[in-house]
2 protein chains.
Amino acid sequence: MYQLLSRSPLFSGLTEEEIKKIFSRIVYQVRSYAKGELIASAGDECRSLQIVFKGNTKGEMIDYSGRVLKIEDIPPPRPLAVAFLFGQNNRFPVTVSATEYTELIVIPRQSVVTLMQTSEVFLTNFLNAVSNRAQFISGKLRFLSFKTLKGKLAHYLMELDRNQQQNGKINIPRSQEELAELFGVARPSLSRTLRELHHRGIIDANGRTVTIINREALLEDSE
Amino acid sequence: MYQLLSRSPLFSGLTEEEIKKIFSRIVYQVRSYAKGELIASAGDECRSLQIVFKGNTKGEMIDYSGRVLKIEDIPPPRPLAVAFLFGQNNRFPVTVSATEYTELIVIPRQSVVTLMQTSEVFLTNFLNAVSNRAQFISGKLRFLSFKTLKGKLAHYLMELDRNQQQNGKINIPRSQEELAELFGVARPSLSRTLRELHHRGIIDANGRTVTIINREALLEDSE
DNA sequence: ACCCAAATGTAACAAATGTTACAAACAAAG
DNA sequence: CTTTGTTTGTAACATTTGTTACATTTGGGT
């Protein structure tokens, strides 16, 4: 357990020994969830820091009509809801559920405060983690603010291309279904848009491999 | 200046004297901006904490096509970009500009670190502020994830109603133009949707005063 | 009371996306 | 190699929103 935790951003810079020592002084527990089980609903109060220890989880926003916007997967050894433990409105913004059998380490808020007082490294890590969350969410926001589907798609492809560095050849690590969920659109709409870009010779789409043919046109299209 | 700062969330719980003392130990400067002047562009690196001291500012996201999504106004004595000072991607997520003559207190990141080390109260405040930001942004995200304009509008109205506690009578503190910007839609579309809800007897809209007549229908409509 | 600028109402049409339904392709299991 | 379930392609049509253009109203100023 401590080995895994030492790879978590919250405890990076600390040795297993140090982590062990720190944990001996605080209260925490381990909870397990079956595949598909609900971990927290959007709106639930957030009183403890939870770290994904084993398994896998996902966070989604669900609107009144039941439409789902996938926010992200949170695999081990990442923490859940770091940014919602302090501040004034301590509620989960998303619904979190286990995508497979999952175990979480649950640390009550008070213990987190103790941790911060005990370890300066942890404090810094925590601060960075909260900032990173804010930055991540704000990236999502930016992404959703691209009004057109073409824009989102173009943006997404170029982002992937930048990360994968395969000079235009992109591997999409998701099904169209999942992509559509990520974009918050209907699946056939996404398919249609891909097709359109393809027909216009801007990309070459083949299964989960997409090749950018005309980068300029793609960029223009995100307008 | 210290009086104003003591009302800022970052320094709440500290007396003017304490703030004065704290500031005597760090480096900072005051910058002024003319009405309409750009304070920071989205993507600019964020190296310092900036506190709005005088005037008023706004933050907006601008997509490739130039469409604008207003994020928020940041009046004195609130800080800019608290959540983007730490973490790994220290870049402004929004374009910030002065909506009138504005003065900012600029505190370099290193000095902020010093502040946190000096004052535990400041540290707690800072942590809370960053969390609050994350929560705010995440609220925005949730808001944008309501797919239909009716949904956004219904959500917005019910939110306002809850805050204003005037039992269905709502004062909208914005022009339709501004509202449309906030929602990320075109102004006539918003007008049309208001009209529709009105015609269907769900709300009574009169200038900036809106009365919710049929709460259930409004809720259903956000589907 | 009158004028002007800004805000709002409205309509006609264009464009984007959702919905539904089904066919085709694919992939894993036997 | 077939079966079976999942993913993807596609089309027709409905709905929502954008765009443009103009009329109307409102609220200050003088």
Side-chain angles (χ1 to χ4, degrees), chain A residues 36 62-70 99 143-157 170-200 202-210 220-223, chain B residues 62-70 99 143-157 170-200 202-211 220-223:
Chain A
I62 304 176
D63 69 10
Y64 293 147
S65 65
R67 199 183 272 110
V68 165
L69 177 68
K70 171 106 169 249
T99 54
F143 185 65
L144 278 192
S145 82
F146 287 105
K147 295 305 295 178
T148 66
L149 179 47
K150 266 195 300 215
K152 284 175 189 166
L153 188 54
H155 184 264
Y156 178 77
L157 290 177
I170 301 166
N171 255 308
I172 300 184
R174 305 177 135 75
S175 69
Q176 277 191 22
E177 182 79 46
E178 291 173 307
L179 254 195
E181 216 172 56
L182 190 70
F183 290 1
V185 302
R187 201 262 313 160
S189 306
L190 176 61
S191 177
R192 179 204 285 142
T193 304
L194 268 169
R195 208 184 321 155
E196 191 202 320
L197 289 179
H198 190 170
H199 283 163
R200 282 171 49 204
I202 296 175
I203 63 175
D204 184 31
N206 201 324
R208 293 192 180 191
T209 307
V210 172
E220 263 182 37
D221 248 355
S222 42
E223 285 180 16
Chain B
I62 304 176
D63 70 9
Y64 293 149
S65 66
R67 197 183 275 109
V68 165
L69 177 69
K70 170 109 170 245
T99 54
F143 185 65
L144 277 192
S145 83
F146 288 106
K147 294 304 296 179
T148 65
L149 180 45
K150 263 195 302 216
K152 286 175 189 168
L153 188 54
H155 185 265
Y156 179 78
L157 289 177
I170 302 166
N171 255 310
I172 300 185
R174 305 177 135 75
S175 69
Q176 278 193 19
E177 182 79 47
E178 291 173 308
L179 255 195
E181 216 172 56
L182 189 69
F183 289 3
V185 301
R187 201 262 312 161
S189 304
L190 177 62
S191 177
R192 179 204 288 143
T193 303
L194 269 169
R195 211 185 318 155
E196 190 202 321
L197 290 179
H198 190 171
H199 282 162
R200 283 171 47 205
I202 296 177
I203 62 173
D204 185 32
N206 201 325
R208 294 195 180 190
T209 307
V210 171
T211 312
E220 262 183 37
D221 247 357
S222 42
E223 287 181 13

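Keep in mind that what you see is a predicted model, and the values were worked out from it rather than measured. Just so it is clear: chains get the letters A, B, ... in the order the sequence lines come, proteins before strands, and each one is counted from 1.
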In terms of relative ring orientation, are B/F183 and B/Y156 parallel, tilted or perpendicular, with 30° and 60° separating the classes? perpendicular

Can you check the A/E196 CD to C/dA15 P distance for me, whole Å? 12 Å

Rounding to an integer number of Å, can you tell me how far B/N206 CG sits from D/dT26 C1'? 12 Å

Separation between CD of B/E196 and CD1 of B/I202, rounded to the nearest 0.5 Å: 7.5 Å

Under the side-chain contact (heavy atoms from CB on, under 4.5 Å) criterion, do A/I172 and A/T209 qualify, and how do the steps go? CA-CA 6 Å; A/I172 300 184; A/T209 307; over 6 Å; no

Quick one: what's the B/S/- string for nucleotides 3-10 of chain D, heavy-atom cutoff under 4.0 Å, read 5' to 3'? -----BBB

B/L144 atom CG is separated from D/dT17 atom C1', nearest whole Å, by 15 Å

Heavy atoms of A/K70 and A/L182 approach each other most closely as O-CD1, 3.8 Å

Applying side-chain contact (heavy atoms from CB on, under 4.5 Å) to A/R208 and A/I170, what does each step give before you reach the verdict? CA-CA 8 Å; A/R208 293 192 180 191; A/I170 301 166; over 6 Å; no

For the pair made of CG in B/L197 and P in C/dG9, what is the distance, rounded to whole Å? 13 Å

Rounded to the nearest angstrom, tell me the gap between atom CG in B/L149 and atom P in D/dT19. 14 Å

What integer distance in Å separates B/L179:CG from C/dA7:C1'? 13 Å

Out of B/L197, B/L153, B/T211, which one pairs with B/I203 under the side-chain contact (heavy atoms from CB on, under 4.5 Å) rule? B/L197

Atom pair distance, as rounded to whole Å: CG in B/L190 and C1' in D/dT16: 14 Å

Separation of B/E181 atom CD from C/dA7 atom P, in whole Å? 12 Å

